[in-house]
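Remarks on the structure that follows.
So that the names make sense, note that chain A is the first sequence line, chain B the second, and so on, each numbered from 1.
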Amino acid sequence: MATSYSFSACMLPELMSRQRAPSSFPGGAIGVKLVHLSSGMMKMWPTSIKNHGCRVRCCAVQTHSAHSFLSENKFQLDDVIEAQQFDRDILNAIFEVARDMEKIEKNSQGSQILNGYLMATLFYEPSTRTRLSFESAMKRLGGEVLTTENAKEFSSAAKGETLEDTIRTVEGYSDIIVMRHFESGAAKRAAATAEIPVINAGDGPGQHPTQALLDVYTIEREIGKLDGINVALVGDLANGRTVRSLTYLLAKYKDVQIYFVSPDVVKMKDDIKDYLTSKGVAWEESSDLIEVASKCDVVYQTRIQKERFGERIDLYEEARGKYIVDKGVLNAMQKHAVVMHPLPRLDEITVDVDEDPRAAYFRQAKNGLYIRMALLKLLLLGW
Amino acid sequence: MATSYSFSACMLPELMSRQRAPSSFPGGAIGVKLVHLSSGMMKMWPTSIKNHGCRVRCCAVQTHSAHSFLSENKFQLDDVIEAQQFDRDILNAIFEVARDMEKIEKNSQGSQILNGYLMATLFYEPSTRTRLSFESAMKRLGGEVLTTENAKEFSSAAKGETLEDTIRTVEGYSDIIVMRHFESGAAKRAAATAEIPVINAGDGPGQHPTQALLDVYTIEREIGKLDGINVALVGDLANGRTVRSLTYLLAKYKDVQIYFVSPDVVKMKDDIKDYLTSKGVAWEESSDLIEVASKCDVVYQTRIQKERFGERIDLYEEARGKYIVDKGVLNAMQKHAVVMHPLPRLDEITVDVDEDPRAAYFRQAKNGLYIRMALLKLLLLGW
Amino acid sequence: MATSYSFSACMLPELMSRQRAPSSFPGGAIGVKLVHLSSGMMKMWPTSIKNHGCRVRCCAVQTHSAHSFLSENKFQLDDVIEAQQFDRDILNAIFEVARDMEKIEKNSQGSQILNGYLMATLFYEPSTRTRLSFESAMKRLGGEVLTTENAKEFSSAAKGETLEDTIRTVEGYSDIIVMRHFESGAAKRAAATAEIPVINAGDGPGQHPTQALLDVYTIEREIGKLDGINVALVGDLANGRTVRSLTYLLAKYKDVQIYFVSPDVVKMKDDIKDYLTSKGVAWEESSDLIEVASKCDVVYQTRIQKERFGERIDLYEEARGKYIVDKGVLNAMQKHAVVMHPLPRLDEITVDVDEDPRAAYFRQAKNGLYIRMALLKLLLLGW
């Protein structure tokens, strides 16, 4: 349910920060996110506590900023919670900003557009790779970071505080929250509470939307298009939230053909297959990796997740060795095709593949930086 | 014992930093704290190793700074160790700076007054909330932070190094130390050793002076005065260092009336009662929260600290449910009154209280930021 | 084997960052390190994957920078991996820069020469002291830091990723990597993989080259020379990598006389003794600390490492009390001589020694800051 309101806003100094405005808007439990902008611009929009997806920025007053151009027909981005919140158009728009970020990052002078902004990385479980990527993104844009890797310690797990109370405290110290949590749905709850933007950096078995975005961005950068591509998803398709989210996003594009190549014990689940079918996306299962690889633009390999096998190490070992991307697979692949992997990789891609220009996984990791720079810029400064 | 010395200081470049000056002052074991100021100003004062409380800045040469105005009759602040070190006048002066900090924080441009300064957060036990608050304060003022949450690892606990040796090392890397320690008195020892300012961010069952300051600041901001107020202290009064420190500070004001409302097992201890009596502060114990709430300006609720009950979970459960601040208590309260809580809160304040404007606890947490910004500014730049 | 190449480089924006250039240089497996410089200058040099020691910067185009003067006959510094990589001339050159850093650090304005640069502290085992020293060095020069103290979590130890893969990911987020690892040789492997500079902050029982550098720097600062000095190495000479590295570096100077003073169970090993003999450095073992101290310029005390004694606490206790630097030893020492210690210290130097001006160990710790500032500057900006 998308709702739209209209306000007149002025530059009252008292209103220029992250404060709760009177919640007296029609249409239910509505608050207002006020984000102060270093550019001297103020954004104000009503936020539905219940229905996070329908927040609409109602009003913006631009004073003298050049770098955060606002037009009424641009997309609204308040929080980044799940891959499903993005459609083709907004993905394209984000990718455009990400390409700008590539230029900024490679530029020797760096950028200061987020100078004065403070990001809190609120990690309830450690994920150094993801955390460093976000913190690098923030710092490459001139912003500052408050880090916590043991957020559990001041949460319900420790003394019984609710996530909502923690968020209310942390938002007093920062301008944007990047949260990793062990519970599915935690990011949505945080965003419903926070008056500042929230980015989901993974919530349990749930979502990891920035990974999904960087995967799609990488395919576009490497292959040059997203419509009409053939993609092989290989490895642990039952447990990997990465491939699930990617499948979901690929369904937004035309004439995509998906091949699932996985050991029997970790096959793609029916919900995703049914979803693809309902969206008219062609898919099939195969046990012939070489044959599939020869037809695909993207071979997306994943790690068999040992931790899901419990004591059945025998099953794990069997699954693990089954589909390896090696020189043989590379040789079958087309010249323009690429190998991707969300990392970390064990031996499901052999090391001798690394030097082939079609090995895209380290470029893919680097793209995570550009996507996160883009999201931070969009959430803090707007389009 | 306040001592005053006089120096002539000049801007010798060789002296412009955190160096030990010859300790040849009359009056015992005296060193000198030299703090370099980004404003181009230098402070110099003798420091008594034994008697931390009596340090007096003896001399200051102002060259061309506008933002760190110095006058001879302003207060001296070298370290922040315990609530008792502050009197009414210095509290008022700190609060004035804290109000300036509110304006800076809300200002879209932020501040750079601590640009070039480095704060070390030396935490011997984790306290994410307090740490983030200090680090946000430093960064909001343009300063930088060195973080450690596992300071135990390079302390006596690990290889047997003394706190004093650790401090001597860390002060070589930073301009100010914010320390949390598990031992009462640790902050005082650190301050006696360090030639740079030290802030106590909690030392065991001892002191947590910045929490006490933000509590008093919050009362003044919310109620508009500190003299003549009625305050209810509710919950775990035996174990909470917060309420003990607050009581101590409240005794500095006139016509304060304090009500203690707590389960029998966690009553306020006699030392504080005796102290209040000796200071002429009126206090009484009550078991009627509604009745007390109706008379008070501030209802200060606290969490029953489960960790103090050991295996007597039954006693904990009994104490815990006894005095809850809920809609009923709110209804009894006056319009101008507020509910405070040092956080984290479990269910001793029900969630439906949050939306009432008299629920001041998240504003209180935010005030911690302003108080800490003020203290960092005062300790590094002076008044 | 030193190799030299020549390139013509131009300021193509596309090339201005940390990208792999075509590896088509003569002489084997050669890549190119491209480091973007905030000064607008670009460095490019071929890097031998196999033979780290022989990397040579081939070309540099200076545009408008004043602070990173380049001359063709200056030394090349790509990574800092082991004490052995430095000769007298490069040590002198580094020390000269370190002395400049002392001036910068004491200057109230600080420096911004590394503004825009990002250092990743990738610590596979915690070492707060070393980490804070590097992070302070980076921030004193205006640079920024990405911190991880639990790098194990995204390494082989956790999910089986190789160090090489981790390095390839982290180098995408940063401009320089400071790594501490539990395995000997890890830093060398990291440097062979990374296209950005790597500094070894200790790899297991292997190397800790910045400690060795700061020790030699301290001797020169305190004594005024390195040729012709007498040095006593005291304490745990069997297990201390510090004294081993220091011995190695001292062998590069003329007429150095070394005395080993240690309990029998932790004597200096034969490999170092043989090395000194082969280099013509005079050494002898002694059990008379007082007599040795009276003859030496430097008394370098070390901690007996309890953790190496296993269950033989009796042997540890016996070794530990044997050679203590106390007032008695001080009284025997010459006026210009100094006591050094890598810290942390337990009671192998008594606390009453601290106030003597010859107690150089806290100045020594501080010198670590200057050495690390110098190395960061040299690796990121060149000479």
Side-chain angles (χ1 to χ4, degrees), chain B residues 11-20 22-23 29 31 34-42 49 63 65 115-124 143-156 158-162 164-175 177 193 195, chain C residues 102-112 115 121 123 125-145 147 149-150 303-307 320 341-349 351 354-355 357 359 361-370 372-373:
Chain B
M11 298 298 286
L12 294 177
E14 283 303 301
L15 273 174
M16 280 199 61
S17 189
R18 296 154 298 280
Q19 292 183 308
R20 192 187 289 269
S23 52
L34 277 182
V35 181
H36 87 276
L37 303 179
S38 67
S39 56
M41 196 186 63
M42 182 178 59
I49 301 301
T63 52
S65 163
N115 188 16
Y117 286 93
L118 214 36
M119 175 180 98
T121 42
L122 192 59
F123 274 45
Y124 284 77
E144 269 292 345
V145 174
L146 300 177
T147 296
T148 179
E149 284 199 290
N150 65 344
K152 269 189 184 176
E153 175 263 324
F154 76 126
S155 79
S156 33
K159 292 180 180 163
E161 185 177 61
T162 63
E164 282 76 7
D165 276 17
T166 303
I167 291 293
R168 278 194 193 98
T169 302
V170 173
E171 73 175 338
Y173 305 152
S174 58
D175 301 307
I177 293 173
T193 298
E195 293 170 22
Chain C
E102 287 202 38
K103 286 176 212 145
I104 285 177
E105 196 259 353
K106 293 189 198 319
N107 186 295
S108 60
Q109 302 300 329
S111 170
Q112 291 293 320
N115 188 16
T121 42
F123 274 46
E125 60 176 19
S127 174
T128 312
R129 183 187 304 276
T130 302
R131 182 174 62 80
L132 291 188
S133 174
F134 271 108
E135 296 185 357
S136 179
M138 190 67 183
K139 293 186 175 189
R140 288 290 186 209
L141 293 174
E144 268 292 345
V145 174
T147 296
E149 283 200 290
N150 65 344
R303 181 175 63 92
I304 306 288
Q305 298 188 28
K306 189 180 182 180
E307 54 271 35
R320 177 190 184 186
H341 191 296
L343 302 181
R345 134 288 297 256
L346 301 197
D347 47 14
E348 63 273 6
I349 301 177
V351 175
D354 293 6
E355 31 188 75
Y361 27 95
F362 293 117
R363 295 194 294 274
Q364 179 186 0
K366 183 67 179 263
N367 284 338
L369 180 68
Y370 305 132
R372 284 153 190 150
M373 289 171 78

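E355(C) does not touch chain B: none of its heavy atoms, backbone or side chain, sits under 4.5 Å away. Contacts of R363(C) with chain B are absent, with no heavy-atom separation under 4.5 Å from either backbone or side chain. Proximity to chain B is limited to the side chain of D354(C), based on heavy atoms less than 4.5 angstrom apart.
By the 4.5 Å heavy-atom criterion applied to side chains, D165(B) and P344(C) are not counted as neighbours. Looking at heavy atoms from C-beta onward, T147(C) lies out of side-chain contact with T147(B) at the 4.5 angstrom threshold. Looking only at side-chain heavy atoms (C-beta outward), E144(C) and E144(B) come within less than 4.5 Å of each other.
Remark: L146(B) CG to K139(C) NZ distance equals 6.0 Å, nearest 0.5 Å. Taking CG of L132(C) as the reference point, atom CG of L118(B) lies at 9.5 Å (rounded to 0.5 Å). To the nearest 0.5 Å, atoms CD1 (I167(B)) and CZ (F362(C)) are separated by 11.0 Å.
Using a distance-only test at 3.5 Å, with no hydrogens or angles considered, no donor-acceptor pair links the side chain of R129(C) to the main chain of T166(B).
A pairwise comparison of heavy atoms in G172(B) and L369(C) identifies O-CD2, 3.6 Å as the closest pair. For the residue pair Y173(B) and A365(C), the shortest heavy atom distance occurs at OH-O, 3.9 Å.
The choice from A137(C), S133(C), G142(C), G368(C) that makes the most heavy-atom pairs within less than 4.5 Å of chain B is S133(C).
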